[in-house]
K.L.:
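What follows is a structure written as structure tokens; I'll ask about it next.
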There are 2 protein chains.
Amino acid sequence: MKNPQALTIGKLARHGGVNIMTIRYYERRGLLPAPARTASGYRLYADDALRRLQFIRQAQLLGFSLSEIQDLLSLRMQPGTTCADIRMRAKEKIAAVEKKIEDLERIKNALTALASACRGKGPTADCPILEALETEHST
Amino acid sequence: MKNPQALTIGKLARHGGVNIMTIRYYERRGLLPAPARTASGYRLYADDALRRLQFIRQAQLLGFSLSEIQDLLSLRMQPGTTCADIRMRAKEKIAAVEKKIEDLERIKNALTALASACRGKGPTADCPILEALETEHST
DNA sequence: ATAAACCCGGTACCTTGGTATAGAGTCAAC
DNA sequence: GTTGACTCTATACCAAGGTACCGGGTTTAT
């Protein structure tokens with residue numbers, strides 16, 4: 001390991017807070033480029049691999065799937081891609097997140113209504129929650 | 001088919017709005033009880049299977065997983081289960097949904113901040129969205 | 001110099017909620 | 001009385017995002 005910034009896969013994994021298998025998986029998926037190898041076949045990563053890993057994890061935290069992240073990464077590489085392209089992806093994701101939030105709000109309201117209709121005592125035979133579940137119902 | 005209310009799997013599927021395979025899958029998972037069979041092995045369902053199917057679908061719409069639905073169903077069967085037990089499941093689900101909403105709100109806010117930091121023109125080299133993704137960041 | 005820790009590739013497995021396919025048997029209608 | 005629609009079982013496959021195991025080779029530390 002002559003290169004001072006070269007990381008073995010284990011070190012990259014520890015620094016990046018992921019599992020070694022995850023790194024190999026990302027490489028298979030094309031999210032991480034295939035790194036240099038030692039004579040014996042060990043992967044050797046430069047620092048940019050760590051930044052790439054961070055990119056992936058941050059994007060995941062923001063709700064992007066690995067496929068979408070792949071898309072973001074390849075956009076970034078393609079010359080001619082503009083900031084606007086990236087921003088569009090972000091806006092699309094915002095819209096998707098908003099939709100998911102709305103769906104969950106609807107679910108929450110329906111559940112809350114059911115839970116408050118149930119006075120919470122007695123046998124299940126006449127539980128309004130169970131009853132409601134047995135009948136069609138525009139949630 | 002002497003029984004007037006007996007349904008073949010195909011009819012049950014159509015009435016319930018699901019795929020035939022889904023019904024068999026629910027049976028394998030234990031969500032639907034194994035029905036009676038004709039001499040030739042065809043499944044024959046009574047009307048309560050349809051109600052059960054509706055229960056499952058409604059509960060899914062409310063965000064319950066199939067395992068949780070299984071739990072609800074077996075709770076309902078157990079004598080001694082009270083309305084309060086059911087209500088507790090509903091409240092737990094409400095809390096989980098609320099947490100998911102909060103997570104998504106956080107994601108949405110982070111994405112919105114990034115998108116508005118990006119003026120949407122120029123090359124990707126200095127796109128604030130991409131930059132933000134490369135650095136650790138308490139979302 | 002030898003044990004511990006590391007790494008290799010390949011493959012299989014996990015969860016969730018189904019869907020598809022194959023090859024066979026059965027039922028209803030014309 | 002045969003064609004077409006239906007059903008049967010068993011097994012495999014899908015997305016998504018990994019995780020685990022295996023049998024071997026390599027490095028590192030003592």
Side-chain angles (χ1 to χ4, degrees), chain A residues 1-3 6-32 34-45 49 52-73 93 96-97 100 103 107, chain B residues 1-3 6-32 34-45 49 52-73 93 96 100 103:
Chain A
M1 241 165 283
K2 40 220 62 157
N3 193 335
L7 298 162
T8 60
I9 192 170
K11 281 176 188 159
L12 177 62
R14 274 193 294 278
H15 284 270
V18 299
N19 197 307
I20 288 182
M21 282 87 134
T22 304
I23 292 179
R24 291 204 272 244
Y25 173 66
Y26 286 172
E27 182 179 327
R28 272 208 308 288
R29 292 241 355 195
L31 286 162
L32 287 174
R37 299 280 188 140
T38 66
S40 55
Y42 281 28
R43 289 171 179 80
L44 279 188
Y45 294 94
R52 177 81 82 118
L53 204 47
Q54 246 148 21
F55 182 97
I56 295 169
R57 279 174 25 89
Q58 284 304 316
Q60 274 188 306
L61 285 178
L62 290 179
F64 289 95
S65 71
L66 293 185
S67 304
E68 289 167 335
I69 294 169
Q70 211 153 2
D71 183 43
L72 285 177
L73 286 168
K93 184 49 72 180
V97 169
K100 228 179 259 173
D103 291 346
I107 287 174
Chain B
M1 239 165 281
K2 41 219 62 156
N3 194 335
L7 297 163
T8 60
I9 194 172
K11 282 176 189 159
L12 178 61
R14 274 192 295 278
H15 283 271
V18 299
N19 197 308
I20 288 181
M21 283 88 134
T22 304
I23 292 179
R24 291 202 272 246
Y25 173 66
Y26 287 172
E27 182 179 328
R28 273 208 308 287
R29 293 239 358 192
L31 287 162
L32 286 174
R37 299 279 186 141
T38 65
S40 55
Y42 282 27
R43 288 172 180 80
L44 279 187
Y45 295 94
R52 178 80 83 115
L53 203 48
Q54 245 148 24
F55 183 98
I56 295 169
R57 279 171 28 86
Q58 285 303 316
Q60 274 188 306
L61 285 178
L62 290 177
F64 289 95
S65 70
L66 292 184
S67 304
E68 289 166 334
I69 293 169
Q70 211 154 2
D71 183 45
L72 285 176
L73 285 168
K93 183 49 69 179
K100 227 178 261 171
D103 290 345

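Labels below follow one simple rule: chain letters A, B, ... track the order of the sequence lines, proteins then strands, and each chain is numbered from 1. If you're wondering where the values come from, they're calculated on a predicted model, not measured in any experiment. We use all heavy atoms of the structure for the numbers below, so side chains are in, but hydrogens, waters and symmetry mates are not.
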K.L.:
Drop me the distance from A/I69's CD1 to A/R57's CZ, to the nearest 0.5 angstrom.
P.N.:
11.0 Å

K.L.:
Please report the C-alpha distance between A/L66 and A/Q60 in whole Å, then the side-chain angles of each, then the deciding distance to 0.1 Å, and finally whether the side chain to side chain contact (heavy atoms under 4.5 Å, CB included) criterion is met.
P.N.:
CA-CA 7 Å; A/L66 293 185; A/Q60 274 188 306; 3.6 Å; yes

K.L.:
Examine D/dT26: is either OP1 or OP2 under 4.0 Å from a nitrogen or oxygen in the side chain of A/T38? Give yes or no.
P.N.:
no

K.L.:
May I ask you to test the A/Y25-A/N19 pair for a side-chain heavy-atom distance under 4.5 Å?
P.N.:
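A side-chain contact is absent here, since even the closest heavy-atom pair is not under 4.5 Å.
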
K.L.:
Nearest-Å distance, OH (B/Y45) to C1' (D/dT7)?
P.N.:
11 Å

K.L.:
Using a cut-off of strictly less than 4.0 Å, decide whether B/Y26 has a side-chain nitrogen or oxygen near OP1 or OP2 of C/dG18.
P.N.:
yes

K.L.:
Is any side-chain N or O of B/S40 closer than 4.0 Å to OP1 or OP2 of C/dG25?
P.N.:
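Indeed not, no polar side-chain atom of B/S40 lies that close.
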
K.L.:
Specify the separation, in whole Å, of atom CZ of A/R24 and atom C1' of D/dG17.
P.N.:
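Value for this atom pair: 16 Å.
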
K.L.:
Any donor and acceptor pair, going by atom type alone, linking the side chain of A/Q70 with main-chain N or O of A/R29 inside 3.5 Å?
P.N.:
yes

K.L.:
Under 4.0 Å from any atom of DNA chain D, heavy atoms only: list the residues of residues 12-22 of chain B that qualify, in numerical order.
P.N.:
B/I20

K.L.:
Calculate the interatomic distance between A/L66 atom CG and D/dG18 atom C1'; express it in whole Å.
P.N.:
9 Å

K.L.:
Could you tell me whether the phosphate oxygens of C/dG18, OP1 or OP2, come under 4.0 Å of any side-chain nitrogen or oxygen in B/Q60?
P.N.:
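It does, given that an N or O in the side chain of B/Q60 lies less than 4.0 Å from OP1 or OP2 of C/dG18.
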
K.L.:
Checking side chain to side chain contact (heavy atoms under 4.5 Å, CB included) for the pair B/I56/B/L32: CA distance, chi angles, key distance, verdict?
P.N.:
CA-CA 9 Å; B/I56 295 169; B/L32 286 174; 4.3 Å; yes

K.L.:
Are OP1 or OP2 of C/dT15 and a side-chain N or O of B/R29 less than 4.0 angstrom apart?
P.N.:
no

K.L.:
Starting at atom CG of A/L7, determine the distance to atom C1' of D/dT27, rounded to an integer number of angstrom.
P.N.:
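Atom-to-atom, A/L7 to D/dT27, this comes out as 16 Å.
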
K.L.:
Rounded to whole angstrom units, what separation is found between the CD atom of B/Q70 and the C1' atom of C/dG17?
P.N.:
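The answer, rounded to whole Å, is 13 Å.
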
K.L.:
How far does CD1 of B/I23 sit from CG of B/L12, to the nearest 0.5 angstrom?
P.N.:
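Here the interatomic distance stands at 3.5 Å.
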
K.L.:
Rounded to whole Å, how long is the line connecting atom OH of B/Y25 with atom C1' of C/dG18?
P.N.:
6 Å

K.L.:
Report yes or no: is there a donor-acceptor pair, N or O only, under 3.5 Å between the side chain of A/Y42 and the base of C/dC8?
P.N.:
no

K.L.:
Can a donor-acceptor pair be found, under 3.5 Å and without considering hydrogens, that links the side chain of B/K93 to the backbone of B/F64?
P.N.:
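Not at all, since once roles are kept as given, no pair shorter than 3.5 Å links the two residues.
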
K.L.:
Toward the 5' end of DNA chain D, which comes first, B/R43 or B/R28, by nearest nucleotide?
P.N.:
B/R43

K.L.:
Please give, in whole Å, the distance from C/dT16 P to B/L31 CG?
P.N.:
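After rounding, the gap between these two atoms is 12 Å.
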
K.L.:
Which whole-number value in Å describes the distance from A/L61 CG to D/dG17 C1'?
P.N.:
14 Å

